[in-house]
Amino acid sequence: MKLVITEKNDAAQQIARLLCSVGKPKADKVYNTPVYRFTVDGEEWVTIGLRGHILAPDFPTELKFDKKLGWYAVSQDGEMLPADVPDGLARPPYESKRKPFLKDGIDIKGWKVPSLPYLVWAPIEKLPAEKEIIRALKNLAKKADSVVIGTDFDREGELIGSDALAMVRDVAPDVPVSRARYSAFTKAEIDHAFNNLVELDQNLADAGESRQYIDLIWGAALTRYLTMAKFGGFGNVRSAGRVQTPTLALVVERERERLAFKPEDYWVISGEAAPQGAGEEDAFKISHSAGRFADEQAAATAFAHVEGASTGTVTSVVKKSRTQRPPTPFNTTSLQAAAAAEGISPARTMRIAESLYMDGLISYPRVDNTVYPRSLDLRATVKAISGVPQYAPACRELLSREKLTATRGKTETTDHPPIYPTAAADPTKLEPAQWKLYNLIARRFLATLSDPAVIEGTKIEIDVAGEPFQASGDVLKVAGFRAVYPFGLKKDEQLPALEQGDTVDVRDMQLEAKQTEPPARYSQGKLVQEMEKRGLGTKSTRASIIERLYQVKYFKGTPSGPIEPSQLGMAIIDALHEFAPRITTPDMTSELEEDMTHVAEGADTQDQVVYHSRALLAGMLDALIEHKDDLGDAISDAVTADAKVGTCPKCGKDLVMKTSAKTRGSFIGCMGWPDCDVTYPVPSGVRVSPLEGEAAVCPECGAPRIKCQPFRQKAYEVCVNPKCPTNYEPDLKVGECSVCAAAGRHGDLIAHKSEKSGKRFIRCTNYEECGVSYPLPGRGKLEATGEVCEHCGAPIVVVQTARGPWRICVNMDCPSKEKKAASGRGRKGASSSTKKTTAKKSTSTKKSSSKK
DNA sequence: GCAAGGTC
């Protein structure tokens, strides 16, 4: 039996399909791992797909996190474990004159705790990361007569293959092994690769492994340093890495530019014009041809001329057509950028794309390629998605053409095609976000086959009282690809038909003082593109690295909108920039690439390159340890600044977000504690951020006002003091209790607000006897209607929401709500107290309806 | 409670 090992399941399937000479490959499973069996010239073949790397590099267990000792590197009796040191080079001594750091050298129950620099020189092991796959691989290897490594044709692929080979050798030391190198899933390419098998390139694999080691050593040592320099407690890791830190530095650098930006004053003169006697709809905006006046006096003089003007004369009308080329095919980066512009973060885009790929709706989503291969049948793909009604007209038009021509992007690789739709999707069967992304991909595909758009730009110049004014507008003349791909475009602006010499009405002349704006923050999409440009990360890792920077709170808030670094993020960059500058720039990646090339070419060994990197890090760590206290203070100051939500009305110190040690819940507390005992509750389930300026202090009670961002809902601002008049609502009678009425007594249903939790609810004045209570929405002004629900007899109230009034029956278990409840929304309100009323409700409903 | 790189 011949065993073929690929990097992923998809490749195992494709290779089986392409090499199988009779019939179709048989899909099978070995311990839950899919494999594909087929025969070639009477010989039995099996392909198995790995899941990327199956081994992970790590430090020996005694150097890993320990529940009692934390991240203090440990070795028994102080014995140092030797790292691999190249011949002729000595490992530098670490017991030098360094200051103790992290309980350096302390005895704990007979174990010595060495210093952090030890980690820099520690050996690294490779441990199984995908045990199930390794088990299946070994099982097949035992039975194999020969093995072919068919992982991706790149450095990581060679490493993944080399790790797989090590696993094979565990159980089959003598089985012949060769390597197939291919870069496209076509019959010709795969045939050629398997007819011209080569040896695994151990140098290339070693180069990849050096990358793994160096990333781990730098990442682990610096992360432990930053985290322990001022221990922030559980869940407060302060990470650093070859890619994430330079990425953070990009964002911080932009923020510094914004902070250093000195806005300059300028003035603009603008107004409205319209053809004589025309209506409001034909009015268009005109502005002074000088654009921005840097000199206020000059602007005032010009404005004085036109201020009272009521007419102007058209001095020229220039029309210019321009074509807009259709967009190029999507690769990972351009998809992430386009999706980010539609409000889906790169990380989310990749999660959704993965699910669409698994459902067979789109092609493989991790690609650099932006040129459709010849083997891709464009016409069949158009046909395949023409079943989606929204695309039918565009597909029909394309299918009527004799030949389909696609645009081409700059990057051409042949391993995978650009991202395109592989089947028609049913919008009703997809999650909204899935459909949004599928729609983007499908429309992009159709756009790449469509004609250019033609836009007619019009520039009108108008003389108003001797001052030159102008207006410009764009009109889509030929829709072309824009008919099917309306993303990322400006709105059309139609100017009325005017000719030179025409007189126009002029009104609303204004002189406005403005200021120049600082450079914009990075959007998610722009940052991914910038990372690619600077060689940071890969198509598969950039999205998750940005997400990581949010997770460790170096970026503020959650991934949506422009990226703003936190004080912590800025402090981290400041500190590393001073003492370990190498980790803060993309240079480390490019130098690593050079080293890798040397290893791959055999000019250097893995040990030499890793040793060199360890030595560089050791020097920087020396400087960092030297300044440990300064750095720890800077970090904790930054964390406090990030947590600040306002100023204490009692003692004037900072009010910060705190986490209760007991309940792990959040609350707002004064930094003056224990001298000052001011605390406020925080609404649960929302993300809280401070407000700035006047909005930050409650005019009624002086407590801070904060911004609350509920999950996927509109943000609102609120005073943190629950006793503040702005939060207090007088109890409101919303109806009479039907349960009490049925029992022959009187009970009023009153809406209350809990001072403690801020939660609102309705309770009967005879609650002790009838147990009637209903939950209410947390926010929105409440109004009584006096009406009762026709289904259950509970009172109807109106809640004023941001989207307008909302009429609801307060009974969460009302039969009229059953359908909605099944679909998910608002189920949480059905607390035990409402359930209590349910049983009684059925009887009361009958009684109250019989009363009518 | 460590990075970045693969992939599910």
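Just so we're on the same page: letters track the sequence lines, and every chain starts at 1. The structure presented is a predicted model; accordingly, all values stated were derived computationally and were not measured.
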Discussion item. Counting only side-chain nitrogens and oxygens, does S544(A) get under 4.0 Å of the OP1 or OP2 atom of dA4(B)?
Written reply: no

Worksheet item: Is a side-chain donor or acceptor of D152(A) paired with a backbone partner of G157(A) at a separation under 3.5 angstrom?
Response: no

Worksheet item: Are OP1 or OP2 of dA3(B) and a side-chain N or O of S239(A) less than 4.0 angstrom apart?
Response: yes

Item to complete: Mind checking T541(A) for me? I need base, sugar-phosphate or nothing, with any heavy atom below 4.0 Å counting as a touch.
Response: base

Discussion item. Measuring to OP1 and OP2 of dA3(B), would you say a side-chain N or O of Q244(A) lies under 4.0 angstrom away?
Written reply: yes

Discussion item. So N236(A), base contact, sugar-phosphate only, or nothing? Heavy-atom distance under 4.0 Å.
Written reply: nothing

Fill in: Whole-Å gap separating P (dG5(B)) and CG (D163(A))
16 Å

Worksheet entry | Residues D201(A), R179(A): salt bridge by 4.0 Å N-O rule | no

Worksheet item: Can a cation-pi geometry be assigned to R181(A) and F153(A), taking NZ or CZ under 6.0 Å from the six-membered ring centre and within 45° of the ring axis?
Response: no

Discussion item. Please classify the nucleic acid contact of G235(A) as base, sugar-phosphate, or nothing, using heavy-atom distances under 4.0 Å.
Written reply: nothing

Practice prompt. May I ask you to say what S540(A) touches in the nucleic acid, namely base, sugar-phosphate or nothing, with a heavy-atom cut-off under 4.0 Å?
Written response: base

Discussion item. Applying a 4.0 Å non-hydrogen cut-off, can you work out what E130(A) is touching in the nucleic acid: base, sugar-phosphate, or nothing?
Written reply: base

Worksheet item: Closer than 4.0 Å, any side-chain N/O of R242(A) to the OP1 or OP2 of dG5(B)?
Response: yes

Practice prompt. With heavy atoms under 4.0 Å as the rule, sort Y213(A) into base, sugar-phosphate or nothing.
Written response: nothing

Discussion item. Nearest whole Å is fine: how far is dT7(B) P from K8(A) NZ?
Written reply: 4 Å

Discussion item. At 4.0 Å (heavy atoms only), tell me whether R548(A) reaches a base, stays on the sugar-phosphate, or touches nothing.
Written reply: sugar-phosphate

Practice prompt. State yes or no: are the ring centers of Y364(A) and Y357(A) separated by less than 6.0 Å?
Written response: yes

Worksheet item: Nearest-Å distance, CG (L536(A)) to C1' (dA3(B))?
Response: 14 Å

